[in-house]
Protein chains: 4
Amino acid sequence: MSATVDKRRLILDAAVRVFARQGFHTCRVSDIADEAGVAYGLVYHYFPSKETILDTLFLERWNLMLATIEDARAADLAPREKLQRIASFIVESYRHDPDVMKVIVVEVTRAANTFGRTHVERIMQAYEGIARIVEQAQATGVFRRDVDALFAAQAFYGLVEQVLTQWIFSAGEVSAEEFERIKLAIVEMICVGLDG
Amino acid sequence: MSATVDKRRLILDAAVRVFARQGFHTCRVSDIADEAGVAYGLVYHYFPSKETILDTLFLERWNLMLATIEDARAADLAPREKLQRIASFIVESYRHDPDVMKVIVVEVTRAANTFGRTHVERIMQAYEGIARIVEQAQATGVFRRDVDALFAAQAFYGLVEQVLTQWIFSAGEVSAEEFERIKLAIVEMICVGLDG
Amino acid sequence: MSATVDKRRLILDAAVRVFARQGFHTCRVSDIADEAGVAYGLVYHYFPSKETILDTLFLERWNLMLATIEDARAADLAPREKLQRIASFIVESYRHDPDVMKVIVVEVTRAANTFGRTHVERIMQAYEGIARIVEQAQATGVFRRDVDALFAAQAFYGLVEQVLTQWIFSAGEVSAEEFERIKLAIVEMICVGLDG
Amino acid sequence: MSATVDKRRLILDAAVRVFARQGFHTCRVSDIADEAGVAYGLVYHYFPSKETILDTLFLERWNLMLATIEDARAADLAPREKLQRIASFIVESYRHDPDVMKVIVVEVTRAANTFGRTHVERIMQAYEGIARIVEQAQATGVFRRDVDALFAAQAFYGLVEQVLTQWIFSAGEVSAEEFERIKLAIVEMICVGLDG
DNA sequence: CATGAATGAGACTTCATTCAT
DNA sequence: TATGAATGAAGTCTCATTCAT
């Protein structure tokens with residue numbers, strides 16, 4: 001709450017760009033410091049290790065994700081609208097800051113080997129939240145009952161992540177229309193499927 | 001084709017286990033050699049670099065995947081059966097050697113920056129192959145025409161990969177029934193969706 | 001001489017404990033500040049460097065030692081009584097504040113290369129002071145004349161330091177009787193030797 | 001057992017010189033490598049850490065010391081001759097390779113804080129060995145019985161170490177006569193004392 | 001006096017790769 | 001083929017010290 005910059009934030013934001021550009025394992029801590037325009041040691045003043053930075057980055061955003069999922073679930077909306085909210089949140093997250101989502105998709109999943117089990121659990125929480133939405137929709141007869149809710153949730157999340165992955169790997173910019181179109185297409189696909 | 005062991009194969013198989021266990025970046029070449037039971041100089045006799053090993057591993061398997069997709073596409077089958085073949089192939093691949101699939105999913109498919117770059121094209125070929133199946137099904141009116149075929153292909157692949165990811169990070173064994181059930185569920189989900 | 005605590009003294013005392021516990025090279029300035037309960041910038045307000053703290057600590061105590069030796073030498077006492085005074089002083093120093101003596105013995109007296117260099121002369125002054133006592137005793141025929149006085153002084157000091165070293169590295173507490181007994185034993189040993 | 005140099009030995013010998021010259025904490029591993037004329041990494045090929053080098057150096061020599069003490073104890077000699085052997089061994093050790101002894105006296109004792117308790121124990125073994133010699137001499141009435149044997153051993157060892165310390169700190173060379181004279185003086189001092 | 005953010009040189013250690021045998 | 005000693009660049013992290021407030 002001061003006029004001076006929050007150096008911690010500066011470092012975090014720089015780290016996102018660097019991780020996105022070079023990858024977590026391939027970048028050096030000095031790259032982050034350079035990108036942030038701060039001295040090397042300051043990174044270690046705020047974070048005990050390079051991994052903690054990735055950690056922090058992931059948690060910041062994933063907690064928003066979990067909150068969004070919970071909000072959607074609790075909202076007074078049609079199941080499809082609930083899924084739409086989640087898909088929109090993720091797509092907008094990417095739209096607003098592609099680097100953060102790239103880092104989460106590319107580096108965190110990969111790091112789940114080394115990362116504490118904590119992250120796996122937290123990731124599962126997202127699936128479970130979505131699964132609960134599905135369950136509720138099944139209970140009210142809106143969704144088919146012969147599908148495992150957790151499986152459905154993973155199908156949904158997998159689909160969304162694959163879309164992000166596609167964007168991540170394609171060099172080009174994504175147009176505003178594309179963003180809107182895909183948001184709808186995701187939910188349409190998961191709800192209606194390919195059959196005519 | 002001799003009585004002695006094929007050391008190259010030995011190294012490759014050891015590498016799979018090590019990459020799966022420790023991750024590509026986190027393991028050392030000597031870990032691979034140790035796992036294979038050979039001197040680590042020998043690794044360099046067969047492979048010019050650590051990365052080439054991952055390279056080789058990926059291509060071996062991915063080419064099978066591409067062949068499977070092409071076979072399915074060209075086969076005289078209902079579109080749904082074609083997708084079923086592909087889903088089954090991937091699930092069986094995981095069932096037969098989870099480590100290979102783990103390495104491909106975790107280290108290659110998502111390695112956007114360093115390694116993945118090299119293989120983006122080849123990975124895209126899979127999506128395109130699947131997309132062609134969708135297109136053909138749309139042409140014959142079996143699948144809805146208002147879905148982008150490539151998007152549909154990615155939805156399908158994303159779903160499958162998410163299932164693998166789930167297995168990869170869940171500690172427990174997967175039962176034979178589970179494998180069979182999921183194979184069918186994947187295709188059911190992508191074709192029929194959640195709506196009742 | 002104010003109501004507030006003397007921060008300089010606080011830091012010095014904290015440094016003794018930290019040096020004794022972790023060693024001079026192994027501890028950080030912030031460890032000292034933490035132990036003293038002050039911000040570590042304050043350490044630099046009172047001392048220009050980490051080394052100066054050790055410096056100060058050593059000199060404070062060693063000057064007392066030199067004064068004691070000189071007092072003993074000048075006193076109207078039997079040579080043996082003079083040595084007894086010195087041995088008692090050192091033993092009591094340890095008894096009163098083992099950490100200070102530990103730091104002096106471990107970090108200064110034996111630090112031949114880096115730190116010690118600075119104080120070699122002052123350390124030698126102690127030996128010389130003791131040597132003068134021996135010389136005087138030899139002049140009056142109380143001590144044997146066929147022993148080099150400086151060698152005798154070092155024998156005496158080495159013996160005392162070895163006793164401290166023993167206490168330093170033995171975990172247990174030393175009893176009051178032990179302190180008294182050793183004080184006498186030291187002088188007895190140096191004066192009479194092992195022969196029956 | 002080959003014509004080529006033993007690099008491990010080379011590194012060990014270089015380390016002695018570097019530790020003696022710059023001190024353990026003050027020198028860099030690269031200094032050791034440079035002194036040995038080998039590549040940086042080779043040091044880590046043979047030793048897991050810088051500390052292990054010091055460790056190895058200490059143990060090599062200290063084990064000789066322990067062997068010497070045990071030999072002396074078991075030998076069919078007058079007690080005084082036994083002590084003479086030990087004093088001679090230490091003095092000759094210094095004479096032959098002052099750096100090793102400097103490192104042991106200066107760095108190991110100091111490191112006893114950080115070093116595993118193992119070294120403290122091993123150091124104690126030397127005192128205990130000497131103490132046993134004293135005990136035996138007391139049993140046969142050659143040495144006075146009113147002195148604690150372990151205390152006597154420490155007095156003896158402290159005296160010897162102090163002599164080394166003196167040499168270590170004094171810049172000048174020590175003459176052959178000096179070495180011989182001191183060897184005898186040490187034992188004379190410990191056996192006969194200062195009283196006439 | 002007091003704080004602790006900021007700096008950056010430098011330490012240890014790792015490890016992919018080469019190469020002599 | 002096979003070995004593992006040898007190389008050295010590069011990375012992470014530490015921490016004494018400075019300085020703005």
Side-chain angles (χ1 to χ4, degrees), chain A residues 2 4-8 10-11 25-33 36-53, chain B residues 2 4-8 11 25-34 36-53, chain C residues 2 4-8 11 25-34 36-53, chain D residues 2 4-8 10-11 25-34 36-52:
Chain A
S2 80
T4 57
V5 246
D6 179 351
K7 293 289 177 73
R8 198 187 117 98
L10 213 58
I11 290 167
H25 281 103
T26 315
C27 82
R28 299 170 297 180
V29 173
S30 73
D31 293 331
I32 299 173
V38 302
Y40 197 101
L42 199 62
V43 175
Y44 284 92
H45 184 77
Y46 286 108
F47 302 95
S49 74
K50 185 181 165 186
E51 192 165 310
T52 308
I53 301 177
Chain B
S2 76
T4 58
V5 241
D6 180 351
K7 293 287 177 72
R8 200 187 112 97
I11 291 167
H25 277 103
T26 316
C27 84
R28 301 173 293 187
V29 173
S30 71
D31 291 331
I32 300 173
D34 286 353
V38 302
Y40 66 91
L42 199 60
V43 174
Y44 284 89
H45 185 75
Y46 289 106
F47 303 94
S49 74
K50 183 182 167 186
E51 196 164 304
T52 308
I53 302 177
Chain C
S2 78
T4 58
V5 240
D6 180 351
K7 292 286 177 74
R8 199 186 115 97
I11 292 167
H25 278 103
T26 315
C27 83
R28 301 174 293 186
V29 172
S30 71
D31 291 332
I32 300 173
D34 286 354
V38 302
Y40 66 90
L42 198 61
V43 174
Y44 284 90
H45 184 77
Y46 289 106
F47 302 95
S49 74
K50 184 182 167 186
E51 196 164 305
T52 308
I53 302 176
Chain D
S2 80
T4 58
V5 244
D6 179 352
K7 293 289 177 72
R8 199 187 116 97
L10 213 58
I11 291 167
H25 281 104
T26 315
C27 83
R28 298 170 298 180
V29 173
S30 73
D31 292 331
I32 299 173
D34 288 351
V38 303
Y40 199 100
L42 198 62
V43 175
Y44 284 92
H45 184 77
Y46 287 108
F47 303 95
S49 73
K50 185 181 165 185
E51 192 165 311
T52 308

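Note that these values count all heavy atoms, side chains included, but never hydrogens, waters or copies made by symmetry. Chain A is the first sequence line, chain B the second, and so forth, proteins listed ahead of strands; every chain is numbered from 1.
In this entry the distance linking CG of D/L42 with C1' of E/dC19 reads 14 Å, nearest Å. For B/F47 and F/dA2, the CZ to C1' distance is 15 Å, given to the nearest whole Å. If you take CD of C/E51 and C1' of F/dC15, they are 15 Å apart, rounded to a whole angstrom. In this structure, CZ of A/R8 is placed 16 Å from C1' of E/dA6, rounded to the nearest angstrom. Distance CD1 (C/I32) to P (F/dT17): 10 Å, rounded to an integer number of Å.
Map D/P48 and A/V43 each onto its nearest nucleotide of DNA chain E; the residue landing nearer the 5' end is A/V43. Between C/G37 and B/S49, the one whose closest nucleotide on DNA chain E sits nearer the 5' end is C/G37.
Nearest to the side chain of D/Y46, among E/dT13, F/dA5, E/dT7, sits F/dA5.
Side-chain atoms of C/R28 and C/D34, non-hydrogen and from C-beta on, never get closer than 4.5 Å to each other.
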Please enumerate all protein N or O atoms sitting under 3.5 Å from an N or O of nucleotides 9-11 of chain E, with distances to 0.1 Å.
| residue | atom | partner | partner atom | Å |
| --- | --- | --- | --- | --- |
| E/dA11 | OP2 | D/R28 | NH1 | 3.0 |

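At least one donor-acceptor pair closer than 3.5 Å links the side chain of C/K50 to the backbone N or O of C/C27.
Side-chain N/O atoms of D/Y44 include none lying less than 4.0 angstrom from OP1 or OP2 on F/dA6. Regarding contacts with the backbone of F/dA5, a side-chain N or O of D/H45 is found under 4.0 angstrom from either OP1 or OP2. Contact check, D/K7 against F/dA5: no side-chain N or O comes under 4.0 Å of OP1 or OP2.
Base pairing in DNA chain E gives the following stems of 3 or more Watson-Crick or G-U pairs, range against range and under 3.5 Å: E:2-21 with F:2-21.
Atom CD1 of D/I32 sits about 12.5 Å away from atom CG of D/L10, to the nearest 0.5 Å.
Taking the P atoms as reference points, F/dT21 lies 23 Å from E/dC1, given to the whole Å.
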Per-pair distances, 0.1 Å, donor-acceptor, side chain in residues 39-49 of chain C, under 3.5 Å, sequence neighbours excluded:
| residue | atom | partner | partner atom | Å |
| --- | --- | --- | --- | --- |
| C/S49 | OG | C/E51 | N | 3.4 |
| C/S49 | OG | C/T52 | N | 3.2 |
| C/S49 | OG | C/T52 | OG1 | 2.8 |

